[in-house]
Amino acid sequence: MAKQSSNRATQVIEAVGSFLRRCIGSILSAGPIPKHIAFIMDGNRRYAKKQNLEEGAGHRFGYSTLMNMLKYCYELDVKYVTIYAFSIENFKRRPEEVQSTMQLIQEKIEGLIEKESIVNRYGVRVHFIGNLKLLSKPVQLAAERAMNATWHNSKAVLSICIAYTSTDEIVNAVEESCKEKQKGNEKLLDEIGEGPLIDVADVEKHMYMAVAPDPDIIIRTSGETRLSNFLLWQSARSLLYSPGVLWPEIGFWHLVRAVLDFQKNYAYTEKKSKES
Amino acid sequence: MFLRWLEATILDFGDEMHKVYMWIWSSGDLGLRLLWHILHLILSTWYFIIGLMGSVESFLISSGLFKRYRDLDISKVQYLAVAIDSDEALQTLKVLELLRWLEAIGLRKVCLYDTAGVLKKSKEALTLLLKNERMSSETASDPLVEEKCLSLEVISFSDGKQAVAKAADVLLKKHYLSSNTEKPKLTESDMTDALGAIGYREPDPDLMLIYGPARCHMGFPAWRIRYTEILHMGPLKSMKIGALIKAIHRYTMVHQNYGT
C-alpha cells in the first residue's frame with residue numbers, strides 16, 4: 001500500500017518535472033536550438049569515491065544520468081547527441097576495471113534495443129564511433145545488433161564514441177583516403193607528378209563522425225578544461241562548456257545554461273562559419 | 001432571407017473566433033519571446049557581476065596581494081598557445097602588450113593563432129618591436145638577453161586541416177603509390193613524421209588561452225591539442241594581467257591522468 005502511494009508520488013513528481021521542462025523548452029525555442037551536443041562524461045569514478053560507493057558503481061549512476069540527459073536533449077529537439085563512452089587511452093586502466101566497464105557497456109547496449117528504451121521512444125538511430133576492432137567480440141556484436149536494430153529510426157541520432165580518440169580517427173580517415181586514391185589510380189608516383197592528390201574533403205568524408213554535423217556545444221563535466229582527444233577535428237566552431245559538477249550530478253539546468261550560452265554566441269559563430 | 005442572415009452571422013462569428021485565436025497564438029508567441037529575453041537578461045546580469053568580481057580580483061592579483069600568485073611555477077608551462085579572434089587580432093598594440101606580459105611572467109615559447117592569418121601578417125612587426133624594446137631596456141653586453149627572448153610561432157587555420165591533408169598526400173605518395181607493394185597499417189607516429197616532413201615540428205601546447213567573445217578554439221590544429229587545457233579569457237580589449245596570472249596558476253594546479 002505504502003509502496004503503491006510512493007510509486008504514485010514519484011509519477012506525479014515526474015509528470016510535474018516533465019511539464020516544467022516543456023515550459024522551459026518552449027521558452028528556449030524562441031531562440032536557436034543547437035543541432036548537435038556532445039558530452040564528455042567525466043567524473044564517474046570520483047563520484048563513487050565521494051559517495052563511498054564500491055568501484056564501478058559510479059559508472060552505473062553515470063548511465064542513469066546519461067539516459068536523463070538524452071531525454072532532456074531530445075525533448076528540446078536537439079537532433080544529434082554524441083557521447084564519449086570509452087577512450088582508447090582508457091584501455092590502459094587496470095584490467096579488472098576495463099573488464100567491468102566493458103561488461104556494463106555490453107549490458108547497456110543490449111538494453112538500448114529493448115522496446116521501451118529511450119532510442120525507440122524518441123526514434124533515435126544509434127551509431128558506434130571508433131576503432132571497434134579493439135573491442136571484445138561480444139561487445140562488437142552487441143554494437144552491430146544495436147546499429148542494425150535502429151538504422152530505420154530517423155527522428156534523432158545518438159553517436160556513441162567507444163574505443164575512440166580523435167587522433168586515431170584522423171589516422172584512419174587518412175588511411176582510407178590513401179586506399180581510395182590508390183584504387184582509383186593505376187599509375188605510379190613517377191607518372192603522376194608533384195601535385196597534391198588528397199584534399200581536406202577527401203579526409204573528412206572518411207571520418208567516423210561524418211554521420212553527424214560538427215557539434216554546436218561540447219560539455220565536459222568535472223570542471224576539466226581539456227578535450228582529451230575528443231572531436232578535435234570537428235570542434236573548430238563548438239562552444240566548450242565545463243561545469244564543475246561530476247557527470248552523475250549533471251542535470252537539466254546545466255543543459256539550459258549551455259543552450260543559453262549557445263544562443264548568446266549564435267550570431268558570432270554563424271558569422272565565423274560563413275567567413276571560413 | 002432568415003437563412004442567409006444566419007449564414008452571414010455564423011461566418012462573421014467564425015471570422016471573429018479566428019482573429020481571437022490568432023491574437024492568442026501571436027500573444028503566446030510574444031509572451032514566450034518576452035520570457036526568453038528575460039532569461040537572457042538574467043544570464044547577462046550574472047555575467048556582468050562575474051566580470052566585475054573578476055576585474056577586482058585581477059587588480060588585487062596584479063598588486064601582489066596573494067602569495068600563491070607571486071610564487072608562480074612557470075616551468076610547468078613549457079609551451080603556451082594564445083588563440084585570438086581574427087577581428088580582435090587586428091589590434092596589434094594589444095597583442096604586443098600581451099606578449100610583453102607573457103615575457104615578463106617568464107614564458108619563453110608561445111604560439112599565436114588566429115583563424116584568418118591576421119597575426120601572420122603582423123608577426124614581423126611584433127617580433128621587431130619586442131626585440132627593440134628588449135635592446136633598449138637591457139645593456140648590450142648582457143649575456144642573458146638571448147635567453148630571455150620570447151620564441152614566437154604564429155599559425156592560422158590553414159595549418160590545421162589543410163596540413164593534415166598535405167601530410168596525407170605525403171603518406172599516399174610514400175606508401176601507396178610507390179613501387180613498394182607492401183602497404184603499411186598507418187599509425188599516429190607515421191602521421192607525426194609526415195607532418196614533421198612538411199615543416200610542422202613544434203610541440204603540443206600545454207595550455208591555450210582564448211581571447212575572443214566565445215570559448216571556442218576556432219580551428220587550432222587538431223593534432224596538437226589532445227591534452228591541452230583550454231581557458232577562455234574574454235575579449236582582447238579587456239585583457240588584464242591579473243587574469244593572465246590566475247589562468248597560468250590554475251594550469252599549474254591541474255592533475256592529468258591521460259585517460260588511465
Side-chain angles (χ1 to χ4, degrees), chain A residues 26-31 87-93 165-168 170-175 177-179 181-182 185 187-189 192 196-200 202-204 224-229 232-242 256-257 260-261 263-265 268-269 272 275-276, chain B residues 29 32-33 35-40 43-44 47 85-86 115-116 157 160-162 164-169 171-179 183 185-188 190-191 194 212-232 250 254 256 258-260:
Chain A
S26 308
I27 300 172
L28 287 177
S29 303
S87 162
I88 293 177
E89 304 296 328
N90 295 154
F91 280 115
K92 293 175 189 161
R93 290 181 178 176
T165 57
S166 222
T167 41
D168 179 77
I170 292 170
V171 169
N172 179 74
V174 162
E175 191 174 328
S177 314
C178 288
K179 285 179 184 166
K181 290 292 170 182
Q182 185 199 22
N185 209 327
K187 297 184 198 146
L188 287 180
L189 179 61
I192 287 163
L197 293 168
I198 293 185
D199 61 20
V200 174
D202 292 321
V203 176
E204 283 196 320
E224 304 292 350
T225 57
R226 55 193 179 272
L227 288 171
S228 293
N229 223 333
L232 305 176
W233 182 275
Q234 296 84 355
S235 52
R237 299 273 163 248
S238 309
L239 204 67
L240 308 175
Y241 176 47
S242 298
V256 170
R257 164 75 186 273
L260 286 171
D261 273 339
Q263 292 179 336
K264 188 166 163 283
N265 289 297
Y268 169 74
T269 46
K272 291 294 163 181
E275 280 171 9
S276 62
Chain B
D29 213 35
L32 281 176
R33 250 217 107 81
L35 287 168
W36 182 80
H37 282 292
I38 290 172
L39 258 184
H40 274 279
L43 187 73
S44 300
Y47 279 139
D85 171 66
S86 293
T115 315
F157 190 74
K161 292 185 179 181
Q162 281 169 29
V164 168
K166 281 182 197 151
D169 208 57
L171 290 166
L172 171 70
K173 287 168 180 167
K174 183 177 173 190
H175 297 292
Y176 292 84
L177 296 180
S178 65
S179 48
K183 308 299 168 206
K185 176 97 191 85
L186 287 180
T187 61
E188 288 182 25
D190 288 324
M191 197 65 212
R215 184 166 171 245
C216 161
H217 68 69
M218 300 181 271
F220 194 97
W223 197 256
R224 296 175 64 183
I225 51 171
R226 278 169 277 197
Y227 294 103
T228 306
E229 301 286 337
I230 302 172
L231 296 180
H232 182 219
R250 189 202 152 133
V254 159
Q256 284 208 34
Y258 300 97
T260 56

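Reminder, nothing fancy here: chain letters follow the sequence lines and each chain counts from 1.
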Non-hydrogen atoms of chain A under 4.5 Å away: do they reach the side chain of [X], the backbone, both or neither?
X	value
B/M191	side chain
B/R250	side chain
B/L35	both
B/Y47	side chain
B/K166	neither
B/L43	side chain

Which value, rounded to the nearest 0.5 Å, describes the distance between [X] atom [atom1] and [Y] atom [atom2]?
X	Y	atom1	atom2	result
B/T115	A/R237	OG1	CZ	5.0 Å
B/D169	A/K181	CG	NZ	9.0 Å
A/I27	B/I38	CD1	CD1	8.5 Å
A/R257	B/L39	CZ	CG	12.5 Å
A/N172	B/K185	CG	NZ	6.0 Å

Examine whether an atom of [X] lies under 4.5 Å from a heavy atom of chain B, and if so say whether it belongs to the side chain, the backbone or both; otherwise answer neither.
X	answer
A/S242	both
A/N265	side chain
A/S26	both

- Item | By ring-ring contact (aromatic ring centres under 6.0 Å, His included) - contacts of B/H40 (at least two apart) |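 If we apply the ring-ring contact (aromatic ring centres under 6.0 Å, His included) test to B/H40, skipping adjacent residues, the hits are B/W36.
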If you look at every heavy atom in [X] and [Y], which pair is closest and at what distance?
X	Y	result
B/K161	A/W233	CE-O, 3.3 Å
B/L32	A/A30	O-CB, 4.3 Å
A/L227	B/H217	CD1-CD2, 4.1 Å

- Option passing side chain to side chain donor-acceptor pair (under 3.5 Å) with A/T225 (candidates B/H232, B/R215, B/E229):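 The side chain to side chain donor-acceptor pair (under 3.5 Å) with A/T225 is passed solely by B/E229 among B/H232, B/R215, B/E229.
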